[in-house]
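Proteins come first, then strands; the chains are lettered A, B, ... in the order of their sequence lines, and each starts at number 1.
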2 protein chains.
Amino acid sequence: MDGRRARGERRRQAILEATLRVIERDGVAGVSHRSVAREAGVPTTSTTYYFASLDDLLIATLMWSADKLAEDISDLIVRLVNAPNSDVGAVTRRLVDMVDANRGRTMAEYELYLLAARRPELRPAARRWLDLITEAARPFDSDPVAFRAFLAAVDGLLMQGLIADEPPSVADLEPVVSYLIRPRQHLDRLQGGTIGE
Amino acid sequence: MDGRRARGERRRQAILEATLRVIERDGVAGVSHRSVAREAGVPTTSTTYYFASLDDLLIATLMWSADKLAEDISDLIVRLVNAPNSDVGAVTRRLVDMVDANRGRTMAEYELYLLAARRPELRPAARRWLDLITEAARPFDSDPVAFRAFLAAVDGLLMQGLIADEPPSVADLEPVVSYLIRPRQHLDRLQGGTIGE
DNA sequence: GAACTGGTGGGACGATCGTCCCACCAGTTC
DNA sequence: GAACTGGTGGGACGATCGTCCCACCAGTTC
């Protein structure tokens with residue numbers, strides 16, 4: 001193994017990670033060769049050495065980041081699909097975590113969405129988690145329509161959580177998540193309850 | 001009325017409209033004093049005359065745009081809440097329209113979301129339509145949890161529609177929208193159906 | 001019609017940007 | 001150890017950026 005190549009590969013990775021940190025902190029707008037180089041502690045020319053253009057750097061970073069996140073999230077959802085009665089709380093806690101502790105990460109993800117809306121080549125990366133989950137859930141899923149609604153609502157809850165004055169709590173989100181996962185149970189409970197429709 | 005002021009007000013408005021066109025076409029990243037001035041057909045200095053900084057221009061544009069959109073959308077949803085059995089199709093068509101014919105407009109709206117996630121002063125504008133609808137729907141709404149799920153899913157369907165390879169059709173979305181609006185009916189139909197759970 | 005004032009628009013400033021050039025270093029190959 | 005090669009990093013280029021200065025125009029006020 002060529003030691004030069006190995007160190008090069010490490011530096012390339014360091015640049016990707018630095019770029020993601022810049023995006024989390026300042027958004028895609030804050031990414032420039034110089035800002036990334038400063039963050040990574042490398043000379044300005046390194047970023048052009050490893051990535052043909054700033055655009056390439058941005059795309060590489062967002063794809064890499066989306067890949068990490070997709071595997072991360074889909075694990076959670078697949079587990080849920082396999083055992084829907086197990087733990088609504090786990091999903092809710094994960095969502096809260098994404099708009100609170102991992103807020104920067106989630107914003108970066110939606111920066112990617114928006115970029116992908118304008119650039120077709122980024123769309124597969126942006127849809128990665130949706131595709132993974134949909135594929136994994138297919139054999140277990142008896143109600144694809146309700147499942148699509150659930151996936152859409154997850155995106156919406158996250159986006160709306162990002163623009164709330166303060167991040168929603170588990171108690172805020174749990175009823176909604178529970179309804180989305182077990183709608184029948186929710187509706188039955190409501191019917192036996194008060195107002196009705 | 002001072003004719004100078006009147007013309008000034010018109011030019012101010014023209015700058016706002018030009019800025020929105022630039023955002024729709026190239027995103028927030030494409031907005032600069034020069035690009036907006038070129039789009040509006042005014043000298044570069046006009047934009048700084050009417051807006052103290054580029055940031056002010058951006059914020060003013062997004063707030064104005066969000067206001068327009070909020071009233072537009074909330075009309076539709078309020079009508080729906082008042083008569084839920086009337087026309088699921090109207091809502092679906094509106095959603096399809098937002099990711100197809102009015103795609104640029106919708107992307108601009110989500111640029112605002114993302115900016116608002118980073119800047120608290122923009123959040124009221126970004127939440128405008130959510131707040132309007134929630135307020136208007138309150139007296140008629142017997143299931144706030146399902147309603148929140150519906151609103152989240154609308155955001156998610158729009159975002160996911162923007163990153164689809166081609167915009168979803170009415171036929172694609174109608175089942176999901178129908179389920180979100182009349183979940184009980186959907187579930188009952190499913191139970192009498194095939195696989196069941 | 002003179003003084004005032006809201007708006008106009010050309011031109012410039014320093015800063016930052018993406019990108020490239022090029023001399024050089026440090027491992028690798030033979 | 002000489003030739004090669006992957007990577008390094010300082011420095012510069014033209015372009016574009018936000019913002020400001022300032023002479024001026026055109027309605028308004030008296």
K.L.:
Could you check how far CZ of Arg34(A) sits from P of dA15(D), rounded to whole Å?
P.N.:
16 Å
K.L.:
Return the pairing partner of dC30(C) with a 3.5 Å limit on both distances, Watson-Crick or G-U wobble; otherwise return none.
P.N.:
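Base-paired to dG1(D).
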K.L.:
Atom CG in Leu151(B), atom CZ in Arg148(B): separation rounded to 0.5 Å?
P.N.:
9.5 Å
K.L.:
Hey, which of these two, Thr45(B) or His33(A), hits DNA chain C nearer its 5' end, going by closest nucleotide?
P.N.:
Thr45(B)
K.L.:
With a 4.0 Å cut-off on heavy atoms, is Ser46(A) in touch with a base, just the backbone sugar-phosphate, or nothing at all?
P.N.:
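No contact at all - Ser46(A) keeps every heavy atom at 4.0 Å or more from the nucleic acid.
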K.L.:
In whole angstroms, how far is the P atom of dG18(D) from the CZ atom of Phe51(B)?
P.N.:
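In whole Å, dG18(D) P and Phe51(B) CZ are 15 Å from each other.
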K.L.:
So, is Ser32(B) near the phosphate of dC17(D), with a side-chain N or O under 4.0 Å from OP1 or OP2?
P.N.:
yes
K.L.:
Just how far, in rounded Å, is P of dG27(C) from CZ of Arg10(A)?
P.N.:
12 Å
K.L.:
Side chains of Val88(B) and Arg182(B): does their closest heavy-atom pair fall under 4.5 Å?
P.N.:
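In contact.
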K.L.:
In Å, rounded to the nearest 0.5 Å, how long is the span from CD1 of Ile163(B) to OH of Tyr113(A)?
P.N.:
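If I round to the nearest 0.5 Å, the distance is 4.5 Å.
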K.L.:
Going by an N to O cut-off under 4.0 Å, is there a salt bridge joining Arg103(A) and Glu24(A)?
P.N.:
no
K.L.:
Checking base pairs now: Watson-Crick or wobble, both atom distances under 3.5 Å. What partners dG18(D)?
P.N.:
dC13(C)
K.L.:
Applying the Watson-Crick and G-U wobble criteria at under 3.5 Å, what pairs with dG6(D)? Answer none if nothing qualifies.
P.N.:
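By the stated definition (distances under 3.5 Å), dC25(C) pairs with dG6(D).
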K.L.:
If you round to the nearest 0.5 Å, how far is CG of Asp143(A) from CZ of Arg184(A)?
P.N.:
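The CZ atom of Arg184(A) sits 8.5 Å away from the CG atom of Asp143(A).
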K.L.:
If I take atom CG in residue Leu58(A) and atom P in nucleotide dC17(C), what distance separates them, rounded to the nearest angstrom?
P.N.:
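Atom-to-atom, Leu58(A) to dC17(C), this comes out as 15 Å.
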K.L.:
With the side chain counted from C-beta on, respond yes when Val96(B) and Pro168(B) share a heavy-atom pair under 4.5 Å apart, and no when they do not.
P.N.:
no
K.L.:
How would nucleotides 2-7 of chain C be written as a contact map, 5' to 3', with B for base contact, S for sugar-phosphate-only contact and - for no contact, using protein heavy atoms under 4.0 Å?
P.N.:
---BSB
K.L.:
In whole Å, I'd like the distance from the CG atom of Asp56(B) to the P atom of dG18(D).
P.N.:
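For the pair Asp56(B) CG and dG18(D) P, the rounded distance is 13 Å.
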K.L.:
Using the side chain to side chain contact (heavy atoms under 4.5 Å, CB included) rule, pick out the option among Val22(B), Thr61(B), Thr47(B) that qualifies with Val31(B).
P.N.:
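Result for side chain to side chain contact (heavy atoms under 4.5 Å, CB included) with Val31(B): Val22(B).
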K.L.:
Report the distance from atom CG of Asp55(B) to atom P of dG18(D), rounded to the nearest whole Å.
P.N.:
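Distance, rounded to whole Å: 11 Å.
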